[in-house]
Trainee: 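Structure incoming, see below.
Since the structure is predicted, the reported quantities are computational estimates derived from the model, not experimental observations. Only this structure's heavy atoms are used, side chains among them; waters, hydrogens and symmetry mates stay out.
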Amino acid sequence: MLVLSKRNIIIPAPDGSTAVRLRAGLMEIVPDWAVKTPYFQALVADGKIVPSGRSDEETQAEAGQQGK
């Protein structure tokens, strides 16, 4: 999945074997295993990661926040 990260983020694999590093302000590809983690889902809900095909306003609305 292609995502936009608003912060530098490291998503560790559930088994600890590897990690995905996301850099702030860049569109990057995230593997399927990372998308399924609770940490990734929490980052999306907080608006710190925006999945492709979704606007930042949609992400914030789902999280119950107002955009700036």
Side-chain angles (χ1 to χ4, degrees):
M1 171 183 284
L2 190 62
V3 300
L4 170 66
S5 178
K6 294 186 176 184
R7 297 185 180 190
N8 292 324
I9 297 170
I10 298 174
I11 302 172
D15 62 3
S17 62
T18 189
V20 174
R21 295 178 189 266
L22 302 176
R23 294 168 289 173
L26 297 177
M27 296 287 291
E28 302 203 46
I29 296 175
V30 177
D32 290 337
W33 64 260
V35 173
K36 296 175 184 175
T37 64
Y39 183 47
F40 180 88
Q41 299 300 323
L43 291 167
V44 171
D46 288 343
K48 294 175 183 157
I49 294 178
V50 180
S52 61
R54 299 179 73 183
S55 71
D56 185 39
E57 291 173 356
E58 291 172 349
T59 303
Q60 289 179 358
E62 284 185 8
Q65 302 171 357
Q66 293 182 350
K68 293 182 180 179

Trainee: Could you pull out the closest heavy-atom pair between M1 and P51, with the gap in Å?
Mentor: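 Closest approach of M1 to P51, heavy atoms only: SD-CB, 3.8 Å.
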Trainee: Is I29 atom CD1 crowded by more than 12 heavy atoms from other residues, nucleotides or ligands, each under 6.0 Å away?
Mentor: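 Open.
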Trainee: Look up atom CD in E28 and atom CG in L4, then write down how far apart they are to the nearest 0.5 Å.
Mentor: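 Taking CD in E28 and CG in L4, the distance rounds to 9.5 Å.
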Trainee: Could you give the distance from CD1 (I9) to CD1 (I49), rounded to the nearest 0.5 Å?
Mentor: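 Interatomic distance, I9 CD1 to I49 CD1, rounded to 0.5 Å: 4.0 Å.
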Trainee: First locate atom CG of D46, then atom NZ of K6, and finally report the distance between them rounded to the nearest 0.5 Å.
Mentor: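 D46 atom CG to K6 atom NZ measures 11.0 Å (nearest 0.5 Å).
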Trainee: Identify the two heavy atoms, one from N8 and one from A24, that lie closest to each other, and give their separation to 0.1 Å.
Mentor: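 Where N8 meets A24 most closely, the heavy atoms are OD1-N, 2.9 Å.
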Trainee: Quick one: pull up CG in L43 and CG in L22 and give me the separation to the nearest 0.5 Å.
Mentor: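 These two atoms lie 8.5 Å from each other.
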Trainee: Considering all heavy atoms of both residues, which atom of W33 and which atom of A13 are nearest to each other, and what is their separation?
Mentor: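 Nearest heavy atoms, W33 then A13: CZ3-CA, 3.2 Å.
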Trainee: Dump the intermediate steps for side-chain contact (heavy atoms from CB on, under 4.5 Å) on V20 and F40, then the final yes or no.
Mentor: CA-CA 11 Å; V20 174; F40 180 88; over 6 Å; no
